[in-house]
Amino acid sequence: MADISAEKHFQRLTRLLEMEAEAEKQEALQDLQRRSPAAAEASGFTLTNLVIRDEQAGLGGRILLTLGKRNQTLPLPWTRLGSGAPVILSEDGSSGWRGVVTRLSKDNIQVAFAQWPESESERPVFRLDRSSDEISRQRQRQGLDKARLAADSRFADLRDVLLGLCAPAFHPVDNPRPLNPTLNESQLEAVRFALTAEDLAIIHGPPGTGKTTTVVELIRQITRNGQRVLAVAPSNIAVDNLLEKLLAAGEKAIRLGHPARVLPELRQHTLDELVENHPEVRLAHKLAREAYALRDQASKYTRAKPEPGERRAKRQEAKQMLADARKIEDRVVERLLNSARIVCATLTGLDRDLLGSQRFDWCVMDEASQSTEAAAWAPLQIADRLVLAGDHFQLPPTVISKQAAAEGFNLSLLERLLKQLGVGISRRLTVQYRMHHEIMKFSSQEFYEDSLSADQSISSHLLRDLPGVAANELTETPIHFIDTAGASYDENLEPEGDSRFNPQEADLVVKKAGALLDSGLSPAEIAVISPYSAQVRLLRERLKQPEMEIDSVDGFQGREKEAVIVSLVRSNRDGEIGFLEDVRRMNVALTRARRKLIVIGDSATITAHPFYQRLVMYFESIGAYHSVWEYRD
C-alpha cells in the first residue's frame with residue numbers, strides 16, 4: 001500500500017472525477033428539460049431536425065450514416081460536435097443509439113454506429129446530442145485505482161516520484177546525433193535532457209516553439225536506442241498530429257482507438273485496419289462466415305427429421321469455428337503490437353484487454369497541460385518513464401463542474417509537478433517560428449520571463465510580403481488594437497444560456513475581415529476568434545465565409561493563421577470581464593496570428609484587470625492603438 005498521502009491523493013481525484021461525471025449528467029439533463037430545441041442547438045452540443053442523407057458500411061463492420069438538415073437548403077449551424085465526439089442519435093432527445101462523429105462539413109455530419117438505428121417512423125427526424133464517454137471515465141477510475149494500490153513494482157516507484165515522495169533521478173547520456181538537422185539549440189537541449197531521465201522530465205513548449213517537432217525527435221532517438229514508446233495525448237486530433245509528424249519523419253507507428261476518431265488519411269495505420277487487412281484475419285473471416293452459415297442450418301426447419309444430436313453438433317461446431325476465428329485475430333493483434341516500436345493513443349484510448357502484457361520503456365505525453373491529472377494516470381501503469389510536453393500558460397483542462405474546478409480538478413499533472421518539484425525537472429523551448437516579433441513580445445514578457453525570441457525567418461514578416469497582397473495600413477503593421485470605449489458597443493446576454501455577444505463589435509469585425517479580403521488575403525488565411533460562443537455564432541451568421549475559420553478561443557488552441565481577428569465582447573459600466581479573467585485564454589488568443597493580429601475591445605471595461613491594462617499599454621507603446629472613432633462613418 002502506498003503512503004497515506006498517496007491514498008488521500010487518489011481518493012480525492014476519484015471523488016472529483018465522480019463530481020465531474022455528475023455535472024456532465026446534470027448539464028445534459030437540463031439541456032433536455034429546459035431548453036427548446038433551438039436553444040439546445042445554439043449551445044453547440046446538439047443538432048436537431050436531421051434526416052439520413054446517406055448510409056454505407058465501413059470501418060470494421062460499423063455503419064456510417066450521413067445526416068443533414070431536413071430542409072436541404074439549410075447548412076448545419078455552428079457546432080462543437082467535431083470528429084471523434086461521442087454522440088447519441090434519437091428521435092425524441094432521450095433514449096437512442098450511441099455513435100462517434102467521423103466527419104463534419106458545412107452541410108452534413110457523418111456518424112459511425114455499431115448497430116443500425118431502427119426507427120418505427122416512415123420518415124424519421126432525428127436529433128444528435130453529445131454524450132458522455134463512459135468508457136473513458138471507467139478507464140480513468142481504473143488508472144487511479146491501480147496507482148493507489150500499486151506496490152513493489154516499477155509503477156509504484158514512478159507513482160512515488162510523481163507524488164513527490166521520492167526525488168526524480170537523472171543519468172548522463174552521450175549527446176545523440178540529431179535526426180532532424182533543423183532543430184535549434186533549445187530543442188536539442190530539451191531532447192538531451194529528457195533522455196537523461198530515469199523517471200520524469202518535462203518539455204515546456206510556449207506558442208509556436210515547435211513542441212511537437214521536439215517530441216518527435218525525442219521519440220525517434222528513443223527508438224534508435226532499441227526502446228519502445230507509448231505516445232499519448234488528451235485528444236484524438238493531438239494524437240493524429242503527433243502520428244502524422246512521426247510518419248512524415250519516416251517512422252512506423254500503430255494508432256490505437258476507434259477508427260472513426262482518426263483522420264481518414266491516417267486510418268490505414270490503426271490497429272483495427274491493420275488487423276482487418278491481415279491475410280490470416282481474412283481466413284478468420286472465412287471461418288466466421290462458415291460458422292454463421294452452419295448455425296443457420298442448425299436453426300432451420302426441415303421436413304426430414306434430423307438425426308439425434310445433429311443440430312446440437314452443428315451449433316457446437318459453429319461455436320468452435322468462431323472461437324478459432326477469435327484466436328486467429330487475437331494472435332495477429334499480439335504479433336502486430338509486439339513488433340511496434342511506437343504505439344499512439346489518447347490517454348483513455350488504451351484497452352487493457354487488447355494490450356495484454358504489453359510494456360513500454362517510455363510514455364511520452366504531448367499536450368499534457370490540456371489533460372486532467374485523473375486522465376493522465378491511465379497510461380502510466382504500462383510504462384517505465386514519463387515525459388510530459390505542454391504549456392501550462394495556455395488553456396487548462398476543460399472541467400464542467402465548478403466545484404471540482406474550485407478544488408483543483410482542472411490542474412494538470414504537468415502544472416502540479418512544476419509547482420511541486422520546480423523547473424529543475426523541465427526544459428523550455430525558446431525560439432518560436434510562427435509570429436512577428438511584436439505579436440510574440442507581450443506574451444513572452446507576461447508568461448515566459450521574456451525568454452522567447454522570434455526566428456529570423458519570421459521575425460519581421462508582414463501580410464504585405466504575401467503574394468498578391470496590397471500594401472496598406474492593415475498589411476504593413478503586425479498589430480491593430482481598436483478601442484471601442486465610449487462608443488456604446490454594449491454587450492448582451494443571450495436569451496437562453498449564459499454566453500454573451502456584442503452586435504456592434506461584430507459589425508466592426510465584419511468590416512475588418514472585409515478589409516483583409518479586399519487587401520488580397522484569401523478567406524482561408526484569416527481566422528476570427530472570440531472567447532464567447534454566442535459571439536462566435538453571431539459572427540458565423542454575419543460573415544458567411546465558409547473557408548474562413550470562426551471559432552472560440554478554446555477551439556482554436558494549437559492552430560495558427562496569417563491574420564487573426566479577436567473579438568473580446570465585454571463592454572459594461574461595472575468592469576466585469578467574466579472568464580476573460582483566466583488570462584491563459586488570452587495568451588492563446590494573442591498568439592494564433594502569424595503576420596497580423598487585430599484585437600477589438602472596450603479598454604474602459606477590460607483594463608479594470610491589471611493584465612489587460614498592461615496589454616493596452618503595450619499596444620500603445622508599439623503604435624498599435626486605434627480608437628473606434630477612426631473607423632466610424
Has [X] got more than 12 heavy atoms of other residues, nucleotides or ligands less than 6.0 Å from its [atom1]?
{"X": "Glu560", "atom1": "CD", "answer": "yes"}
{"X": "Glu547", "atom1": "CD", "answer": "no"}
{"X": "Asp152", "atom1": "CG", "answer": "no"}

What's the separation between atom [atom1] in [X] and atom [atom2] in [Y], rounded to the nearest 0.5 Å?
{"X": "Leu266", "Y": "Leu247", "atom1": "CG", "atom2": "CG", "result": "6.5 Å"}
{"X": "Phe193", "Y": "Ile202", "atom1": "CZ", "atom2": "CD1", "result": "8.5 Å"}
{"X": "Asp551", "Y": "Arg592", "atom1": "CG", "atom2": "CZ", "result": "12.0 Å"}
{"X": "Leu17", "Y": "Thr372", "atom1": "CG", "atom2": "OG1", "result": "7.0 Å"}
{"X": "Asp157", "Y": "Asp384", "atom1": "CG", "atom2": "CG", "result": "10.0 Å"}
{"X": "Arg359", "Y": "Ile382", "atom1": "CZ", "atom2": "CD1", "result": "7.5 Å"}

Original post:
Checking side chain to side chain contact (heavy atoms under 4.5 Å, CB included) for the pair Phe481/Tyr618: CA distance, chi angles, key distance, verdict?
Top reply: CA-CA 10 Å; Phe481 171 65; Tyr618 173 73; over 6 Å; no

Side-chain ion pair, [X] and [Y], N-O less than 4.0 Å:
{"X": "Lys245", "Y": "Glu251", "value": "no"}
{"X": "Arg12", "Y": "Glu373", "value": "no"}
{"X": "Arg428", "Y": "Glu449", "value": "yes"}
{"X": "Arg595", "Y": "Glu562", "value": "yes"}
{"X": "Asp554", "Y": "Arg585", "value": "yes"}
{"X": "Arg255", "Y": "Glu244", "value": "no"}
{"X": "Glu549", "Y": "Lys561", "value": "yes"}
{"X": "Asp450", "Y": "Lys441", "value": "yes"}

If we ignore hydrogens and angles and just use 3.5 Å, is the side chain of [X] paired with the main-chain N or O of [Y] as donor and acceptor?
{"X": "Lys211", "Y": "Ile203", "result": "no"}
{"X": "Arg594", "Y": "Met435", "result": "no"}
{"X": "Thr346", "Y": "Ala233", "result": "no"}
{"X": "Asn184", "Y": "Ser186", "result": "yes"}
{"X": "Ser371", "Y": "Ala368", "result": "no"}
{"X": "Arg267", "Y": "Val262", "result": "yes"}
{"X": "Ser444", "Y": "Leu452", "result": "yes"}
{"X": "Arg584", "Y": "Phe393", "result": "no"}
{"X": "Ser443", "Y": "Met440", "result": "no"}
{"X": "Arg385", "Y": "Trp362", "result": "no"}

What's the shortest heavy-atom distance between [X] and [Y], and which atoms?
{"X": "Pro206", "Y": "Thr209", "result": "O-OG1, 2.6 Å"}
{"X": "Ala112", "Y": "His258", "result": "CB-CE1, 4.2 Å"}
{"X": "Ala6", "Y": "Leu163", "result": "CB-CD1, 3.3 Å"}
{"X": "Leu149", "Y": "Arg159", "result": "C-NH1, 4.4 Å"}
{"X": "Thr348", "Y": "Gln140", "result": "CG2-CG, 3.7 Å"}
{"X": "Leu590", "Y": "Leu615", "result": "CD1-CD1, 3.9 Å"}

Subject >> ring pair (Phe, Tyr, Trp, His ring centres under 6.0 Å) between Phe442 and Phe619, worked out >> reply: CA-CA 9 Å; Phe442 180 76; Phe619 289 151; 7.2 Å; no

Are [X] and [Y] packed together at the side-chain level, in the sense that at least one heavy-atom pair is separated by less than 4.5 angstrom?
{"X": "Ile598", "Y": "Val564", "result": "no"}
{"X": "Gln187", "Y": "Glu217", "result": "no"}
{"X": "Leu179", "Y": "Gln221", "result": "yes"}
{"X": "Leu165", "Y": "Ser5", "result": "yes"}
{"X": "Cys344", "Y": "Val232", "result": "no"}
{"X": "Ile529", "Y": "Ser552", "result": "no"}
{"X": "Leu474", "Y": "Lys596", "result": "yes"}
{"X": "Ile458", "Y": "His436", "result": "no"}

Subject >> salt bridge (charged side-chain N to carboxylate O under 4.0 Å, His left out) involving Glu185 - partner list, sequence neighbours excluded >> reply: Arg192

**OP:** Output, in order, the C-alpha distance, side-chain angles, deciding distance and verdict of side chain to side chain donor-acceptor pair (under 3.5 Å) for Asp391 and Ser369.
**Re:** CA-CA 6 Å; Asp391 180 14; Ser369 54; over 6 Å; no

Original post:
Among all residues two or more places apart in sequence or in another chain, which pass the side chain to side chain contact (heavy atoms under 4.5 Å, CB included) test with Gln138?
Top reply: Arg141, Gln142

[X] and [Y]: side chain donor to acceptor below 3.5 Å:
{"X": "His269", "Y": "Lys252", "result": "no"}
{"X": "Gln358", "Y": "Arg228", "result": "yes"}
{"X": "Asp272", "Y": "Thr270", "result": "no"}

**OP:** Check Val343, Leu386, Leu350 against Pro379 for a side chain to side chain contact (heavy atoms under 4.5 Å, CB included) and give me the one that passes.
**Re:** Leu350

Original post:
side chain to side chain contact (heavy atoms under 4.5 Å, CB included) between Leu13 and Trp377: does it pass, once the steps are laid out?
Top reply: CA-CA 11 Å; Leu13 285 177; Trp377 284 95; 4.2 Å; yes

Original post:
Please, which pairs that meet salt bridge (charged side-chain N to carboxylate O under 4.0 Å, His left out) have at least one residue in residues 230-239, sequence neighbours excluded?
Top reply: none

Original post:
side chain to side chain contact (heavy atoms under 4.5 Å, CB included) between Leu462 and Thr475: does it pass, once the steps are laid out?
Top reply: CA-CA 6 Å; Leu462 296 165; Thr475 65; over 6 Å; no

**OP:** Any chance you could lay out the side chain to side chain contact (heavy atoms under 4.5 Å, CB included) test for Leu336 and Ile254, step after step, and finish with the verdict?
**Re:** CA-CA 8 Å; Leu336 285 169; Ile254 290 181; 4.2 Å; yes

